[in-house]
Novice: 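Take this structure, written in structure tokens, and hold onto it; I'll ask about it next.
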Amino acid sequence: VQLQASGGGLVQTGGSLRLSCAASGFTFDDYAIGWFRQAPGKEREGVSCLSGSDRTTYYTDSVRGRFTISHDNVKNTVYLQMNSLKPEDTAVYYCAAVLYDSNWLESLCSFPTLFGSWGQGTQVTVSS
């Protein structure tokens, strides 16, 4: 399993960014892909997850309605579209993958330690 995250940067409050996670080396339908973030001095938290089998999604409360996770079948890339960004969204963002069947995506996304494969982080900084 290989994951490569990209797309971070510096943006003003209210702006948008799109993160990309290029995936290879595994059958997407058998996995869940998650986006996680870690701010300085804080624990890594689940932001959003996508089930490869049925394309169900989960968002943590703080980003629901502002962020959208999606998958491009042709490019085998998972995107995190982030709109209406706030300074509290500032963090290093990571994508990760784990074998997954169904029906517990919300719980899975709450435990980053369950994800065995990680891409490198990409820094997102939102200025006020």
Side-chain angles (χ1 to χ4, degrees):
V1 176
Q2 292 187 326
L3 303 168
Q4 186 168 359
S6 61
L10 172 65
V11 65
Q12 292 184 332
T13 296
S16 298
L17 283 173
R18 188 178 77 162
L19 305 184
S20 300
C21 178
S24 62
F26 62 99
T27 301
F28 188 83
D29 288 356
D30 296 334
Y31 280 72
I33 303 294
W35 282 101
F36 299 85
R37 66 187 179 187
Q38 189 164 19
K42 295 188 176 181
E43 293 186 352
R44 191 167 297 187
E45 66 166 341
V47 175
S48 180
C49 289
L50 172 70
S51 165
S53 61
D54 58 11
R55 301 300 194 263
T56 56
T57 59
Y58 165 79
Y59 300 92
T60 194
D61 287 346
S62 62
V63 309
R64 190 173 292 118
R66 300 188 296 123
F67 291 10
T68 303
I69 191 170
S70 63
H71 176 242
D72 183 317
N73 290 325
V74 175
K75 296 182 179 180
N76 207 25
T77 297
V78 176
Y79 300 102
L80 185 68
Q81 177 66 44
M82 306 186 296
N83 299 329
S84 303
L85 283 161
K86 304 175 181 180
E88 51 263 43
D89 295 317
T90 295
V92 178
Y93 284 70
Y94 301 86
C95 60
V98 65
L99 278 168
Y100 173 76
D101 45 15
S102 62
N103 297 325
W104 62 297
L105 190 67
E106 178 175 346
S107 296
L108 177 67
C109 207
S110 301
F111 292 96
T113 55
L114 295 177
F115 285 72
S117 301
W118 290 81
Q120 83 286 5
T122 184
Q123 176 71 48
V124 171
T125 303
V126 185
S127 63
S128 57

Novice: Same cluster for Tyr93 and Leu114 if Ile/Leu/Val/Met/Phe/Trp/Tyr side chains link at under 4.5 Å?
Specialist: no

Novice: Rounded to the nearest 0.5 Å, what separates atom OG1 in Thr77 from atom CG in Leu19?
Specialist: 12.5 Å

Novice: Under the side-chain contact (heavy atoms from CB on, under 4.5 Å) test, which residues partner Val98, sequence neighbours left out?
Specialist: Ala32, Leu108, Phe115

Novice: Run the side chain to side chain donor-acceptor pair (under 3.5 Å) test against Ser53 and tell me which residues pass, sequence neighbours left out.
Specialist: Ser51

Novice: Under the ring-ring contact (aromatic ring centres under 6.0 Å, His included) test, which residues partner Phe26, sequence neighbours left out?
Specialist: Tyr31

Novice: Quick one: list whatever passes side chain to side chain donor-acceptor pair (under 3.5 Å) with Gln4, sequence neighbours left out.
Specialist: none

Novice: Could you tell me which non-hydrogen atom of Asn83 sits nearest to which non-hydrogen atom of Ser16, and how far apart they are?
Specialist: OD1-OG, 2.9 Å

Novice: Working to the nearest 0.5 Å, report the span between CZ of Phe111 and CD of Glu106.
Specialist: 10.5 Å

Novice: Tell me the closest heavy-atom pair linking Phe36 and Gly46, and the distance in Å.
Specialist: CD2-CA, 3.3 Å

Novice: At what distance, to the nearest 0.5 angstrom, does CG of Leu99 lie from OG1 of Thr27?
Specialist: 9.5 Å

Novice: Apply side chain to side chain donor-acceptor pair (under 3.5 Å) to residues Thr56 and Asp54 and explain how you reach the verdict.
Specialist: CA-CA 6 Å; Thr56 56; Asp54 58 11; 2.9 Å; yes

Novice: Provide the closest heavy-atom pair for Ala97 versus Val1 in the form atom of the first, atom of the second, distance.
Specialist: CB-CG1, 4.3 Å

Novice: If the plane angle is over 60° it's perpendicular, under 30° parallel, otherwise tilted; pick one for Trp118 and Tyr94.
Specialist: perpendicular

Novice: Testing the basics here: between Thr122 and Ala5, what is the closest heavy-atom pair and its distance to 0.1 Å?
Specialist: CG2-CB, 4.4 Å

Novice: With sequence neighbours left out, what residues match Thr13 under side-chain contact (heavy atoms from CB on, under 4.5 Å)?
Specialist: Pro87, Val126, Ser128

Novice: Using the rule that Ile, Leu, Val, Met, Phe, Trp and Tyr join whenever any side-chain heavy atoms are under 4.5 Å apart, tell me whether Val92 and Val47 fall into a single cluster.
Specialist: no

Novice: Hey, what do you get for CD (Glu43) to OG1 (Thr113), rounding to the nearest 0.5 Å?
Specialist: 10.0 Å

Novice: Just verifying a value: how many Å separate Thr68 OG1 and Met82 CE, rounded to the nearest 0.5 Å?
Specialist: 11.0 Å

Novice: Any ion pair linking Arg64 and Asp61 (charged N to carboxylate O, less than 4.0 Å)?
Specialist: yes

Novice: Restricting to non-hydrogen atoms, name the atom on Leu3 and the atom on Ser117 that form the minimum distance, rounded to 0.1 Å.
Specialist: CD1-O, 3.4 Å

Novice: Look up atom CD in Gln81 and atom CD1 in Ile69, then write down how far apart they are to the nearest 0.5 Å.
Specialist: 12.0 Å

Novice: What residues, two or more places apart in sequence or in another chain, satisfy side chain to side chain donor-acceptor pair (under 3.5 Å) together with Asn103?
Specialist: none

Novice: Can you list everything that forms a side chain to side chain donor-acceptor pair (under 3.5 Å) with Thr125? Sequence neighbours excluded, please.
Specialist: Gln123

Novice: Residues in salt bridge (Lys or Arg N to Asp or Glu O under 4.0 Å) with Asp101, at least two apart?
Specialist: none

Novice: Applying side chain to side chain contact (heavy atoms under 4.5 Å, CB included), run through Ser48 and Leu80 and close with a yes or a no.
Specialist: CA-CA 8 Å; Ser48 180; Leu80 185 68; 4.0 Å; yes

Novice: With sequence neighbours excluded, what pairs up with Ser62 under the side-chain contact (heavy atoms from CB on, under 4.5 Å) test?
Specialist: Arg37, Thr60

Novice: So with a 6.0 Å cut-off around CD of Glu88, is the heavy-atom count from everything else above 12?
Specialist: yes

Novice: What disulfide (SG to SG under 2.5 Å) pairs are there with at least one residue in residues 59-88, not counting sequence neighbours?
Specialist: none

Novice: Could you give all pairs that pass the ring pair (Phe, Tyr, Trp, His ring centres under 6.0 Å) test and reach residues 38-88, with sequence neighbours left out?
Specialist: Phe28-His71

Novice: Show me the pairs that pass disulfide (SG to SG under 2.5 Å) and involve residues 96-128, at least two apart or across chains.
Specialist: Cys49-Cys109

